[in-house]
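Have a look at the structure below, then the notes.
Residue numbering restarts at 1 for every chain, and letters A, B, ... go by the order of the sequence lines. Source: prediction; values computed, not measured.
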Amino acid sequence: MKSKRTHTCGALRKEHAGQSVVLMGWVDRRRDHGGVIFIDLRDRYGKTQIVFNPENEAVYQTAKTLRGEFVIAVKGQVAIRPEGMANEALATGEIEVIADECEVLNPAKTPPFEIIDNIEVSEELRLKYRYLDLRRPSMQSNLLLRHRLYQVVRRYFDENGFVEVETPMLMKSTPEGARDYLVPSRLHKGKFYALPQSPQTYKQILMVAGFDRYFQIVKCFRDEDLRADRQPEFTQIDVEMSFVDADDVLSMVEGLMQRVMKDIKSVDIDTPFPRLSYEEAMEKYGSDKPDLRFGAQLVDISDFVRASEFRVFREVLENHGAVKGLRVPGGAKYSRKRIDELTEFVKEFGAKGLVAIKIGEADWDSGLAKFFDEGLRRKITSAFGAEAGDLLLIIADERERTNVVLGNLRNRLAREENWIPEGQYHFSWVVDFPLLEYDEEEQRYVARHHPFTSPMEEDVHLMDSAPEKVRAKAYDLVLNGYEIAGGSIRIHKRELQNKMFSLLKISPEEAERKFGFLLEAFEYGAPPHGGIAFGFDRLAMILAGRQSIRDVIAFPKTNSALSLMDGAPSEVDERQLQELGIKIIDP
RNA sequence: GGGGCCGUGGUGUAGUCCGGUUAACACGCCGGCCUGUCAAGCCGGAGAUCGCGGGUUCAAGUCCCGUCGGCCCCGCCA
């Protein structure tokens, strides 16, 4: 290439008129009028219209050969477009570049899909040709947003005295929690490293080491099944602080969110964020990550229907279950088919059925009316705040299941009934989580957050008598129905940690084997500490207004954890296996 | 481990329920015409045997079985 690029394709304006410039980029579109040829030249900064006039024979002949996605260099004069020819849709639309010279830096095959936004193309193809997909303006802006998010986070924590420390990617496997990705050791055949599910133990050890404010933007790995908001490798903003209580962590995070929203979205948000107890979240919204952009709270009618003739409700209540429901404004128009669909939906979450009551002008428009006397019908209707034309959807089951089922129904209805206002960001904290939950399969309590989470002091006395009632010093940050961060104050005393392990049925020997290094560290002066970790991809996804974290990850995996572009995972050479002492056993 | 939806020229879809002569449409691509377009326009053309394998049938894109792949969800994700 003879000359250097002087400007990007988004840079030129009226005031550059008359200048000689060199632009480089991709041919976005070609409009050949037989005489004059227009090329829109694209790079990540924008597009600029290039004009090729037949009078300039040499450059005109080159222009005729140009096709989509050719990489070219153009030297020319910036000119103000003729009267009435400006393109307001383009930032550079008031000018154009009259080409003097044009060099094809590299031709291109016709791409398998067009490099434009708003085209319907299967995600499969987008992932296979990710480099083409990433050329599309919307994907470029997603990755640029992600880039800005990294910068805001680093700046904020740096300003607040946090130290960024990298922790190992090759670490000890700790089978509590998610499935590990394992890495075989060549030097120690038969032994394995694990990729971190999170740098949890390292950051706690950094507290012991005296780095009282730590953060890291770090990859984590979990070998579990994927979802729209879950990838096997994902990025966390990992944070830990010493000499703090939960409020200190929460307000530090609120400050970060305020900064992020301001810098990325130009939105001012209020702090402190509302806090809901776990119990309140479950009872009112049926979720530990409630979407608070809309109301539609669950209504508990257990106390009313206890007196009804309806056996389904009575039996559930006799077994200490709950009867709760949701009001669907205007839902009385739902067809039988629609209600059947919703019934199928709630069954996926373990409900036995769904009771639907249509509210008519005078009274219930429902075959169930006969089971409830008139006063009861009126009480129930008013408990829901329901009016004629509404629909009540009611679940009767054990309390937790009732809540969870209705929570999922609430989210589905919100989407389908457009209850969710556009462009809102509703942050909240969910606090007072149970420390433990009982795992039926393993027949033991497991840590709801992780085994290093501190119980609340006032609940410690319950650890022996009623472990399920012990609340944790744990907190989740929820944004628009997504858990975007979760953390806790940690246990920093050996005795309490031992107690926790015994509740989890982790023997002293096992604790020693798995976490001995951490426990030993705690014996050398561990400060009280706590922290939090953000799902960076989820946060980026929400800020970008996308439905899948794949849209904010440059090279994501498919649902079955394949990389369609490079073909990972793949078989390896026999020699590599030999070096590692690994034999493949046919499945 | 399980449930649902999907796979037809380069791309997106129609056709599949009710099997039957040249698989349709739009965009893209190629060529021609055209000197001010910007989703340029007009005319013409090429291009798919219907994800893959097997089966049923005189006959399969269409029915059946299996398999691969994509997406959404349940379980799982301390």
Indicate, with a heavy-atom threshold strictly under 4.0 Å, whether Phe349(A) touches base, sugar-phosphate, or nothing.
-> sugar-phosphate
By the Watson-Crick or G-U definition, both distances under 3.5 Å, rA24(B) is matched with rU13(B)
Would you say a side-chain N or O of Asn53(A) is under 4.0 Å from OP1 or OP2 of rU35(B)?
-> no
Mind telling me whether Phe452(A) and His450(A) have parallel, tilted or perpendicular rings, with 30° and 60° as the class edges?
-> tilted
Tell me what Arg227(A) touches on the nucleic acid: a base, only sugar-phosphate, or nothing, going by heavy atoms under 4.0 Å.
-> base
Any Arg30(A) side-chain nitrogen or oxygen under 4.0 Å from OP1 or OP2 of rU37(B) | no
Can you name the one residue among Arg126(A), Arg550(A), Lys128(A) that meets salt bridge (charged side-chain N to carboxylate O under 4.0 Å, His left out) with Asp133(A)?
-> Arg126(A)
Is His33(A) stacked on the base of rA40(B), with ring centres under 5.5 Å apart and planes under 30° apart?
-> yes
Donor-acceptor pair under 3.5 Å, Glu96(A) side chain vs rG36(B) base = yes
Check ion pair Glu233(A)-Lys557(A) (N to O, under 4.0 angstrom) = yes
Any idea which heavy atoms bring Asp225(A) and Arg230(A) closest together, and the distance?
-> O-NH2, 2.8 Å
If you look at every strand shown and take non-hydrogen atoms under 4.0 Å, does Leu226(A) touch a base, only sugar-phosphate, or nothing?
-> nothing
Taking atom C1' in both rA23(B) and rG66(B), compute the distance separating them and give it to the nearest angstrom.
-> 26 Å
Just checking Gln200(A): base, sugar-phosphate only, or nothing, at a heavy-atom cut-off of under 4.0 Å?
-> base
Touch class at under 4.0 angstrom, heavy-atom based, for Leu562(A) against every strand present = sugar-phosphate
Establish whether the base of rC77(B) is bridged to the side chain of Arg230(A) by a donor-acceptor pair shorter than 3.5 Å.
-> yes
Could you point out which residue of Lys203(A), Gln200(A), Gln216(A) forms a side chain to side chain donor-acceptor pair (under 3.5 Å) with Asp238(A)?
-> Lys203(A)
Quick one: is Asn559(A) getting a side-chain N or O under 4.0 Å of the rG70(B) phosphate, OP1 or OP2?
-> no
Pick the C1' atom in rU11(B) and in rU57(B), then give their distance to the nearest Å.
-> 35 Å
In whole angstrom, give me the gap between the C1' atoms of rG70(B) and rG12(B).
-> 15 Å
Report yes if a donor N or O on one partner sits less than 3.5 Å from an acceptor N or O on the other, where the partners are the side chain of Asp225(A) and the base of rG75(B); otherwise report no.
-> yes
Check the distance between rG10(B)'s P and Lys128(A)'s NZ and give it to me in whole angstrom.
-> 12 Å
When Glu69(A) is tested against each of Arg42(A), Arg30(A), Lys109(A) for salt bridge (charged side-chain N to carboxylate O under 4.0 Å, His left out), which residue passes?
-> Arg42(A)
Taking CG from Leu90(A) and P from rC38(B), how many angstroms apart are they, rounded to a whole number?
-> 13 Å
Arg412(A) side-chain N/O to rC72(B) phosphate OP1/OP2 under 4.0 Å | no
side-chain N/O Arg179(A) vs rC76(B) OP1/OP2, d < 4.0 Å | no
note: Leu125(A), atom CG; rG9(B), atom P; distance rounded to Å ~ 11 Å
How is Arg81(A) classified with respect to the nucleic acid when contacts are heavy atoms under 4.0 Å: base, sugar-phosphate, or nothing?
-> base
Name the nucleic acid region contacted by Asp32(A), choosing base, sugar-phosphate or nothing; use a 4.0 angstrom heavy-atom cut-off, strictly under.
-> base
Quick note, Glu55(A) side chain, CB onward, closest among rC77(B), rC38(B), rU35(B) is rU35(B)
Salt bridge present between Arg471(A) and Asp459(A) (N-O < 4.0 angstrom) | yes
Is Arg222(A) positioned over the aromatic face of Phe234(A), cation under 6.0 angstrom from the ring centre and no more than 45 degrees off axis?
-> no
Would you classify Gln49(A) as touching base, sugar-phosphate or nothing, given that sugar-phosphate means primed atoms plus P, OP1 and OP2, and contacts are heavy atoms under 4.0 Å?
-> base
Please state whether the base of rU11(B) and the side chain of Arg126(A) form at least one donor-acceptor pair under 3.5 Å?
-> no
Mind checking Pro82(A) for me? I need base, sugar-phosphate or nothing, with any heavy atom below 4.0 Å counting as a touch.
-> base
What integer distance in Å separates Met85(A):CE from rC38(B):P?
-> 10 Å
Write down the distance separating the P atoms in rU13(B) and rC71(B), rounded off to the nearest Å.
-> 15 Å
Can you tell me how far C1' of rU35(B) sits from CD1 of Ile98(A), to the nearest Å?
-> 12 Å
Using the P atom on both, measure rG54(B) against rC17(B) and round to a whole Å.
-> 22 Å
Should Ser560(A) be listed as having a side-chain N or O under 4.0 Å from OP1 or OP2 of rG70(B)?
-> yes
ring centroid sep under 5.5 Å plus plane angle under 30, Phe38(A) with rU37(B) | yes
By the Watson-Crick or G-U definition, both distances under 3.5 Å, rC5(B) is matched with rG70(B)
Would you classify Arg550(A) as touching base, sugar-phosphate or nothing, given that sugar-phosphate means primed atoms plus P, OP1 and OP2, and contacts are heavy atoms under 4.0 Å?
-> sugar-phosphate
Is any side-chain nitrogen or oxygen of Arg31(A) closer than 4.0 Å to OP1 or OP2 of rA40(B)?
-> yes
Does any nucleotide pair with rA48(B) by Watson-Crick or G-U wobble geometry, both distances under 3.5 Å, and what is it?
-> none
Taking atom P in both rC64(B) and rA46(B), what distance in whole Å separates the two?
-> 36 Å
Quote, to the nearest angstrom, the P distance that separates rG10(B) from rG47(B).
-> 11 Å
Considering only side-chain heavy atoms of Thr110(A), which listed nucleotide, rU35(B), rU37(B), rC29(B), is closest?
-> rC29(B)
rG9(B) to rC25(B) separation - C1' atoms, rounded to the nearest Å = 12 Å
Step by step, would you call His492(A) with Gln204(A) a side-chain contact (heavy atoms from CB on, under 4.5 Å)?
-> CA-CA 9 Å; His492(A) 66 282; Gln204(A) 292 191 242; over 6 Å; no
Residue-phosphate contact under 4.0 Å: Ser548(A) side-chain N/O, rC71(B) OP1/OP2 | no
Using whole Å, report how far CD of Glu344(A) lies from P of rG3(B).
-> 14 Å
Whole-Å gap separating P (rG7(B)) and CD (Glu123(A)) | 17 Å
So does Asp397(A) pair up with Lys352(A), basic N to acidic O under 4.0 Å?
-> yes
In terms of the nearest nucleotide of RNA chain B, which residue is placed more toward the 5' end: Phe452(A) or Leu127(A)?
-> Leu127(A)
Rounding to a whole Å, what distance do you find between Glu124(A):CD and rG10(B):P?
-> 15 Å
Looking at every strand, decide which applies to Gln547(A) at a 4.0 Å heavy-atom threshold: base, sugar-phosphate, or nothing.
-> nothing
